[in-house]
Peer 1: 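Pasting a structure here, questions to come.
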Amino acid sequence: QVQLVESGGGLVQPGGSLRLSCAASRSIFSFNAMGWYRQAPGKERELVATITSGGVTNYADSVKGRFTISRDNTKNTVALQMNSLKPEDTAVYYCNARDVLVFSRRDYWGQGTQVTVSS
């Protein structure tokens with residue numbers, strides 16, 4: 001088990017920046033990957049960025065070049081630096097911890113933090 005708590009969301013102008021942080025209650029290195037997902041009203045939750053225990057990152061095409069995911073294993077935190085924000089980035093952002101087991105996959109989620117990009 002692990003508890004994930006997101007912070008850093010808020011209201012920003014288009015083109016602005018925001019940094020999200022996810023604090024885990026235990027070692028994040030024990031998980032296969034950590035990531036950020038988002039869900040806009042009326043839409044399904046979608047992947048934003050992930051980072052494996054080995055440091056390999058993956059980004060959604062819509063955020064490549066603008067967002068950067070990072071992790072600090074000593075502090076058990078995962079961050080998402082968001083630059084050049086667009087109105088379409090507006091969503092609730094969720095921190096994810098993924099544990100791939102022998103026969104299944106287990107996901108843990110934070111409560112989410114709202115990001116609103118608007119003039």
Peer 1: Do T50 and R98 touch side chain to side chain, with heavy atoms closer than 4.5 Å?
Peer 2: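 SC-SC contact between T50 and R98 ruled out.
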Peer 1: Does Q3 have more than 12 heavy atoms from other residues, nucleotides or ligands lying within 6.0 Å of its CD?
Peer 2: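 At most 12 heavy atoms, drawn from other residues, nucleotides or ligands, come within 6.0 Å of this atom.
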Peer 1: Quick one: are N73 and S27 in side-chain contact, heavy atoms under 4.5 Å?
Peer 2: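 N73 vs S27: side chains apart.
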Peer 1: Before you tell me yes or no, could you show the steps for L18 and F67 under side-chain contact (heavy atoms from CB on, under 4.5 Å), namely the whole-Å CA-CA distance, both residues' side-chain angles and the distance that decides it to 0.1 Å?
Peer 2: CA-CA 10 Å; L18 208 58; F67 291 11; over 6 Å; no
Peer 1: Just by distance, do the side chain of E6 and the backbone of Q111 share a donor-acceptor pair under 3.5 Å?
Peer 2: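 A pair under 3.5 Å: yes.
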Peer 1: Between L4 and C95, what is the shortest heavy-atom contact and its length?
Peer 2: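 Closest pair (atom of L4, atom of C95, distance): CD1-O, 3.7 Å.
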Peer 1: Report yes if the side chains of V2 and D99 come closer than 4.5 Å at any heavy-atom pair, otherwise no.
Peer 2: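 The answer is no, as the side chains (C-beta and beyond) never meet within the 4.5 Å cut-off.
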Peer 1: Work out which heavy atom in L80 is nearest to a heavy atom in A49; give both atom names and the distance.
Peer 2: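 Heavy atoms of L80 and A49 come nearest at CD1-CB, 4.3 Å.
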Peer 1: Test of understanding: clusters of I, L, V, M, F, W, Y form through side-chain heavy atoms closer than 4.5 Å, transitively. Do V92 and V63 belong to the same one?
Peer 2: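 V92 and V63: separate clusters.
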Peer 1: Please determine whether residues Y94 and L20 belong to a single hydrophobic cluster, defined as Ile, Leu, Val, Met, Phe, Trp and Tyr linked transitively by side-chain heavy-atom distances below 4.5 Å.
Peer 2: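 Cluster IDs for Y94 and L20 differ.
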Peer 1: Would the distance check show the side chain of T52 and the main-chain N or O of A33 forming a donor-acceptor pair, the cut-off being under 3.5 Å?
Peer 2: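 The answer is no, because no donor-acceptor pair under 3.5 Å joins these two groups.
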Peer 1: Donor-acceptor pair, distance only, cut-off 3.5 Å: does the side chain of R38 make one with the backbone of V115?
Peer 2: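 A pair under 3.5 Å: no.
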Peer 1: Please find the pair of heavy atoms, one from T90 and one from V117, that lie closest to each other, and give the distance.
Peer 2: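 Minimum heavy-atom contact is OG1-N, 2.9 Å.
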Peer 1: Taking all non-hydrogen atoms of both residues, which atom of Q81 and which atom of S17 are closest, and how far apart?
Peer 2: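 For Q81 versus S17, the nearest heavy atoms are NE2-CB, 4.0 Å.
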Peer 1: Could you tell me whether the side chain of S118 reaches within less than 4.5 Å of the side chain of L11, counting heavy atoms only?
Peer 2: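 Heavy-atom side-chain distance check passes, below 4.5 Å.
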Peer 1: Please determine if D61 and K64 form a salt bridge, counting it only when a charged side-chain N lies under 4.0 Å from a carboxylate O.
Peer 2: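 Salt bridge flag = yes for K64 with D61.
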Peer 1: R26 and Q1: which non-hydrogen atoms are nearest, and at how many Å?
Peer 2: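 Scanning both residues, the minimum pair turns out to be NE-O, 2.6 Å.
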Peer 1: Start with the C-alpha distance between N32 and S53, add both sets of side-chain angles, then the distance that settles side-chain contact (heavy atoms from CB on, under 4.5 Å), and finish with yes or no.
Peer 2: CA-CA 6 Å; N32 297 100; S53 59; 5.8 Å; no
Peer 1: Mind checking whether F31 and Y108 have parallel, tilted or perpendicular rings, split at 30° and 60°?
Peer 2: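 Answer is perpendicular, since the angle exceeds 60°.
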Peer 1: Same cluster or not: are W109 and Y93 linked, directly or through other Ile, Leu, Val, Met, Phe, Trp or Tyr residues, by side-chain heavy atoms under 4.5 angstrom apart?
Peer 2: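 Per the 4.5 Å side-chain linkage, W109 and Y93 are not co-clustered.
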Peer 1: Check this for me: E88, atom CD, are more than 12 non-hydrogen atoms of other residues, nucleotides or ligands nearer than 6.0 Å?
Peer 2: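 More than 12 within 6.0 Å, yes.
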Peer 1: Determine yes or no for a side-chain-to-main-chain donor-acceptor pair under 3.5 angstrom, with Y59 supplying the side chain and I69 the backbone.
Peer 2: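 The answer is yes, because a donor-acceptor pair under 3.5 Å joins these two groups.
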Peer 1: Search all heavy atoms of I28 against all heavy atoms of T77 and return the closest pair with its distance.
Peer 2: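 It is CD1-O, 3.6 Å.
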Peer 1: Is it true that Y37 and V78 fall in one hydrophobic cluster, defined by side-chain heavy atoms closer than 4.5 Å?
Peer 2: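 Cluster IDs for Y37 and V78 differ.
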